[in-house]
Every structure is written in structure tokens, then in C-alpha cells.
Colleague: 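Here it is: the structure, laid out below.
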Amino acid sequence: MTTERIIIVGTGVAGLTAALAARSRGMAVTVLTKATIDQSNTRYAQGGIAAATGPDDSVEAHVEDTLRAGAGLSDRFVAETICGEGSRAVAELLAAGVRFDVVEGQLALGLEGAHSRPRVLHANGDATGAAIAEALIERLAASGAVVHEHALVAELLRSGSRVAGVRLLDGTILEADAVVLATGGVGQLYPYTTNPTVATGDGLALALRAGALLADVEFMQFHPTSLAIGGNALISEAVRGEGAVLRGADGRRFMLDVHPDAELAPRDVVARAIAAQMRADGGAAALLDATSLGREQLAQRFPGIDAMVRSRGLDWSREPVPVTPAAHYLMGGVVTDDDGRTTVPGLFAVGEVACTGLHGANRLASNSLLEGAVLGRRAIEALDLPWPDGSRLEHGEPIVLTEPAADSSVAGRHEVQQIMWRHVGLERDGAGLTSAVTRLDQLIMPPPTDVKSAEDSQLLLVARAVAAAALHRIESRGAHWRVDAPETEPLGRHSAVVMEV
Ligand SMILES: Cc1cc2nc3c(=O)[nH]c(=O)nc-3n(C[C@H](O)[C@H](O)[C@H](O)COP(=O)(O)OP(=O)(O)OC[C@H]3O[C@@H](n4cnc5c(N)ncnc54)[C@H](O)[C@@H]3O)c2cc1C
């Protein structure tokens with residue numbers, strides 16, 4: 001079958017890239033997004049996009065950094081594919097009109113945590129995601145794709161074994177030869193998150209209910225440094241890359257005792273060290289000291305963060321500011337191959353919703369915009385290739401989720417978020433995880449009538465998947481830290497979750 005009509009769900013970097021690639025091949029493209037077109041995690045990305053473009057860099061070095069961060073669960077083949085296409089993705093973004101920052105005629109390259117050299121391209125200092133989204137949205141407007149805003153996808157529809165369309169919240173049915181999920185992350189599972197309100201994990205729940213396999217969803221990355229005043233706005237790792245340091249209440253640089261890379265250690269290490277320091281300091285937030293950068297550099301290199309910090313009444317060029325970890329990025333997701341194909345024919349997943357195997361147990365900073373840009377295009381190129389038989393990813397017996405009993409208690413989003421923060425957060429243990437799984441399995445959400453309630457029921461299913469996977473992983477690895485099992489097993493294994501359908 002030749003693909004002619006395609007539905008793309010989501011307007012972040014992954015969905016926009018896929019839509020443009022499909023239009024350039026002359027397909028009839030319908031893009032659906034549940035809020036306005038500019039609402040996405042992509043828009044908030046600050047640090048930039050990682051790609052080996054510098055003269056002293058290589059794809060091999062980028063791959064090795066990615067694998068090291070992934071703590072034994074990243075797939076080398078996938079990392080080689082995606083890192084290997086980094087230069088091409090950057091060239092395509094430049095061609096689409098993204099203006100990356102330039103120094104002395106060369107693309108400026110930032111250094112971020114766990115990268116062995118500077119390789120993170122950025123735009124407008126710290127507004128890379130917005131620059132990418134704006135350029136791609138402008139291209140999309142001129143591409144002839146049909147775009148529906150405020151069109152929440154509530155169900156994937158199947159024809160036989162294939163996904164062949166979607167049902168929207170208002171009941172509208174749309175049919176297609178293939179559906180590309182590009183629905184982003186799950187930050188709203190937690191009360192403290194750097195993610196915008198649209199990040200409710202819809203794509204994972206839609207895929208589960210359509211029979212697709214999820215993997216490694218226990219690996220939730222908590223960003224170490226969100227501002228602890230006025231919400232949880234992110235302060236990019238790039239600020240530490242430029243020289244900012246972390247201090248406890250007594251002013252001591254505690255990361256020096258924790259890891260050889262100090263403030264630029266992998267995110268999970270920094271986030272847990274901050275949490276431990278906060279406990280030692282009686283709950284007081286840790287301090288990010290960027291004073292050595294000076295007022296001018298902070299304003300020039302990080303104009304967006306600088307404005308945000310100052311809007312909270314803080315002058316970070318003169319004094320350290322309080323920071324705390326917050327839920328940021330889901331490494332696992334809907335299992336796909338390196339072309340975005342899920343385990344259900346006709347259904348693709350690209351970007352943060354997917355688990356390609358690139359990120360393993362911990363994402364290397366700035367690899368997610370890259371993955372979205374590369375996979376968005378690759379999925380379209382693979383539309384008419386034969387569907388693989390099952391998943392490339394080797395995993396044990398999947399955890400099987402069932403629909404809750406009709407007499408379960410009706411929950412609200414707040415209750416789910418509190419359970420997740422308390423028991424399925426930065427530090428976990430068997431007793432807490434067991435109580436989380438037991439409680440979440442007893443809950444139902446009210447029937448979906450509007451966007452919020454539709455999101456709530458997806459969120460609850462995703463919470464159950466994440467908590468169950470975390471309970472089953474009795475080791476510590478990457479972003480998954482079990483206080484009761486601090487060792488890492490010698491052999492990495494992937495977890496898997498399916499739904500009884
Ligand atoms: C504050 C912040 C800073 C970050 N900084 C960086 C960085 O510097 N570098 C980096 O690489 N990564 C960064 N990340 C991560 C990165 O931004 C995301 O992983 C990436 O942008 C995800 O892109 P995506 O296209 O997969 O999804 P998103 O950009 O999240 O887009 C998802 C889209 O799907 C839509 N959608 C969701 N559910 C439905 C539904 N049911 N029906 C219809 N539409 C739906 C949403 O409305 C949205 O348009 C950052 C993330 C945050 C939050």
C-alpha cells in the first residue's frame with residue numbers, strides 16, 4: 001500500500017518535522033494539536049540541540065557520550081543513526097530558517113553536562129526551542145498541510161491489525177493510511193515540573209489502548225535546576241556549562257565531593273545530590289551561584305532565563321538563586337525502531353513520546369530536539385517500507401495493565417500527582433512503589449467531557465504504567481534510583497508494559 005493520507009498528532013519539533021517531510025513528498029497531511037499550534041515542550045527548550053558539527057568533534061564522540069549517559073540501556077545502533085544524522089538535521093533546520101547563534105562566523109557551540117566537548121547549538125541565546133518551533137510553524141503554514149488546533153485526539157482507531165485513524169474528543173472521526181504520534185512528554189504526572197500544561201502523556205495512553213508496547217517508562221529525568229520561586233521555570237544546564245556552581249546553605253560547593261565532573265555530572269547525579277543537600281539543609285533549596293558570569297554575560301548568553309529570574313525579583317548576577325529538581329523528560333515511551341515504527345502497523349511514534357533506545361536510562365542533554373528532528377523525517381521516509389515483525393528492543397515478560405474495576409474510587413489529577421511525587425519521584429523504594437501501584441490501580445477518573453478530564457484519564461493510565469515499571473526494576477540505574485537497591489545489575493534489561501485489549 002502506498003501512503004497518501006497521513007495524520008500527525010502534535011506540533012513540537014517531531015510533529016512539525018514529520019509534517020513538512022510528508023508535504024515535501026506530496027502527501028495529504030492533517031496535523032492535529034490539542035491546544036494552539038505553538039504549545040509544546042519544544043517551545044520551552046533552552047539549552048539547544050546537540051550535534052557533532054564542530055571541528056574538534058566527531059559522531060563517534062557524540063555516540064560515546066550518549067551511551068555513557070544512558071547507563072547501559074542506550075542502543076548503539078540507534079545512537080549511531082541519530083547522532084550520525086545530526087549535521088543533516090542542523091542543515092535542514094538552517095534551511096527551514098532557524099537562526100542558530102554564531103560566533104566569529106562559526107556556529108556557536110555550548111557545553112552541557114556529560115558532553116565531552118562543546119556541541120550544543122543554540123538560538124537567541126537560550127530560546128532554541130522557540131526559534132525552531134517558529135521557523136517550522138512558518139514553513140508549515142506555507143506547505144499546504146491541513147492544521148486543526150484545539151483538536152484533542154482521544155482514541156486511535158484500528159482497521160484489523162492496523163491503526164487507520166483517530167477519534168477526536170468532540171467525536172469527529174478522521175481516517176488515514178498512517179498515524180504519527182508526536183505528542184511529547186509526561187511532566188504533568190508530577191506537581192513540580194518544567195513541562196507546560198500540554199505534557200500529559202496522552203500519546204503513551206493512546207498507544208497502550210491501541211495495543212502498542214511501551215518500554216523503560218520508569219526512567220523519568222528530573223532536571224536538577226528549576227527555580228524554586230514562582231513555579232518551576234527551568235534554569236538550563238548550559239548556565240552550569242558556562243561556569244555557574246551549586247552551593248549548599250553554608251555556601252559550600254557540594255558537587256565537588258559527589259562526582260569528578262562536579263556540576264556537569266549526569267543530570268540524575270546532580271538532581272539527587274541537590275535533593276540530598278536540601279535534606280541536609282532542612283528542606284531549604286540549593287543555591288545556584290552564577291555570579292562569576294557577571295551581569296553582561298548572563299543577559300547576553302541567557303536573555304530569556306535572565307528576564308525570568310529578574311521577573312521573580314532576583315538579581316542572579318549579584319547573589320546565588322534557590323533551585324530545586326523538577327520532573328523534566330521521559331526517557332522511555334512507545335517502543336519504536338529507528339524509523340519510528342511502533343509494534344502496531346500503521347502507528348508511528350516520534351519525539352519524546354517514543355522510546356527508540358537513544359536515551360537509555362538517562363538522556364544526554366540536548367539530545368531530544370535532535371531525536372525529534374531526525375525521527376520526524378525518518379518516519380516519513382519509512383512509511384512505505386515493510387513493517388518489522390515485533391520489536392527490536394529485547395525485553396522481559398511485559399507488565400500487563402488491565403482496565404480498573406467499575407467500582408474503583410474516582411480520583412483527581414492532584415491525587416495522582418502527589419502519589420507520583422512522593423513514591424515514584426527522584427528516590428524510590430519497594431514499599432513506597434507498592435503502595436503507589438496499589439492505590440493507582442484502584443482509581444478511575446471521571447468520564448472525559450472536556451480537555452482537562454480527557455487528559456486526566458490518560459494521565460492516570462500513564463502513572464500506572466510508570467509506577468508498575470518502577471516497582472519491577474529492583475536496581476538503580478540512570479534516572480531510576482532505588483534507595484532499597486542502590487546497586488546496578490551487571491546486565492541492562494529493558495522493561496515493557498502493555499495493556500490487555
Ligand atoms: C523547559 C524545557 C527545556 C528543555 N530544553 C531542552 C534543550 O535545551 N534541548 C533538548 O534537546 N531538549 C530540551 N527539552 C526537551 C525537549 O524540549 C522535548 O523533549 C522536545 O521538544 C519534545 O518534542 P516533541 O515534538 O516530541 O513534543 P512536544 O514539543 O512536547 O510537542 C507535543 C505536541 O503534542 C500535542 N499533543 C499532546 N497530546 C495531544 C493529543 N491528545 N491530541 C492532540 N495533540 C496533542 C501538544 O499540544 C504538542 O503540540 C526541554 C524541555 C523543557 C520542558
Side-chain angles (χ1 to χ4, degrees), residues 7-19 31-51 110 112 120-123 126-130 132-133 136-137 147-156 166-169 179-188 193-207 221 223 225-227 232-238 241 304-305 308 326-331 333-334 340 349-354 358-359 363-373 375-376 448 451 454-455 458-459:
I7 289 175
I8 293 166
V9 190
T11 50
V13 62
L16 292 167
T17 307
V31 179
L32 305 169
T33 196
K34 68 179 173 179
T36 51
I37 193 167
D38 59 348
Q39 281 305 308
S40 63
N41 273 6
T42 297
R43 185 183 146 197
Y44 294 89
Q46 297 175 343
I49 177 166
E112 294 195 2
V120 179
L121 291 91
H122 43 86
D126 56 3
T128 314
I132 290 176
L136 297 182
I137 287 169
V147 179
H148 295 296
E149 295 185 312
H150 304 291
L152 182 141
V153 172
E155 188 184 358
L156 296 170
V166 300
R167 180 178 61 78
L168 303 184
L169 179 61
V179 174
V180 178
L181 282 178
T183 49
V186 305
Q188 294 296 327
T193 177
T194 62
N195 291 189
T197 53
V198 291
T200 50
D202 301 15
L204 285 93
L206 291 167
Q221 186 173 78
H223 198 287
T225 51
S226 75
L227 193 63
N232 289 95
L234 181 75
I235 300 185
S236 167
E237 192 138 25
I305 305 174
M308 180 276 291
H328 186 57
Y329 183 86
L330 185 71
M331 268 71 72
V334 183
V350 291
E352 188 167 342
V353 67
L358 177 69
H359 307 300
R363 174 185 67 123
L364 183 68
S366 290
N367 262 359
S368 39
L369 288 177
L370 173 69
E371 185 185 44
L375 263 291
V451 170
E455 289 175 343
Q458 311 291 41
L459 208 58

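Whatever order the structure lists them in is the order used to number ligands and atoms, beginning at 1. Values in this document were obtained by computation on a predicted structure and should not be read as measured data.
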Colleague: Verify the distance criterion only: is there a donor paired with an acceptor across the side chains of Gln221 and His359 at less than 3.5 Å?
Modeller: no
Colleague: Where on Leu234 is there a heavy atom closer than 4.0 Å to ligand 1, on the side chain, on the backbone, on both, or on neither?
Modeller: side chain
Colleague: Can you tell which part of Arg363 has a heavy atom less than 4.0 Å from ligand 1: side chain, backbone, both or neither?
Modeller: side chain
Colleague: Consider side chain to side chain contact (heavy atoms under 4.5 Å, CB included). Of Val153, Asp202, Leu206, Val350, which one does Leu181 pass it with?
Modeller: Leu206
Colleague: Heavy-atom distances under 4.0 Å decide this one: backbone, side chain, both or neither, for Gln46 against ligand 1?
Modeller: backbone
Colleague: For ligand 1, note which part of Lys34 has a heavy atom under 4.0 Å away: side chain, backbone, both or neither.
Modeller: both
Colleague: Please determine whether any non-hydrogen atom of Glu149 lies less than 4.0 Å from an atom of ligand 1.
Modeller: no
Colleague: What pairs with His150 under side chain to side chain contact (heavy atoms under 4.5 Å, CB included), at least two apart in sequence or on another chain?
Modeller: Thr36
Colleague: Which one holds for His328 and ligand 1: side chain close, backbone close, both close, or neither close, with close meaning a heavy atom under 4.0 Å?
Modeller: side chain
Colleague: Quick one: does ligand 1 sit under 4.0 Å from the side chain of Ala182, the backbone, both or neither, non-hydrogen atoms only?
Modeller: backbone
Colleague: If the condition is salt bridge (charged side-chain N to carboxylate O under 4.0 Å, His left out), which residues does Glu237 pass it with, not counting sequence neighbours?
Modeller: Arg240, Arg267
Colleague: Charged N to carboxylate O below 4.0 Å: is that the case for Glu455 and Lys34?
Modeller: yes
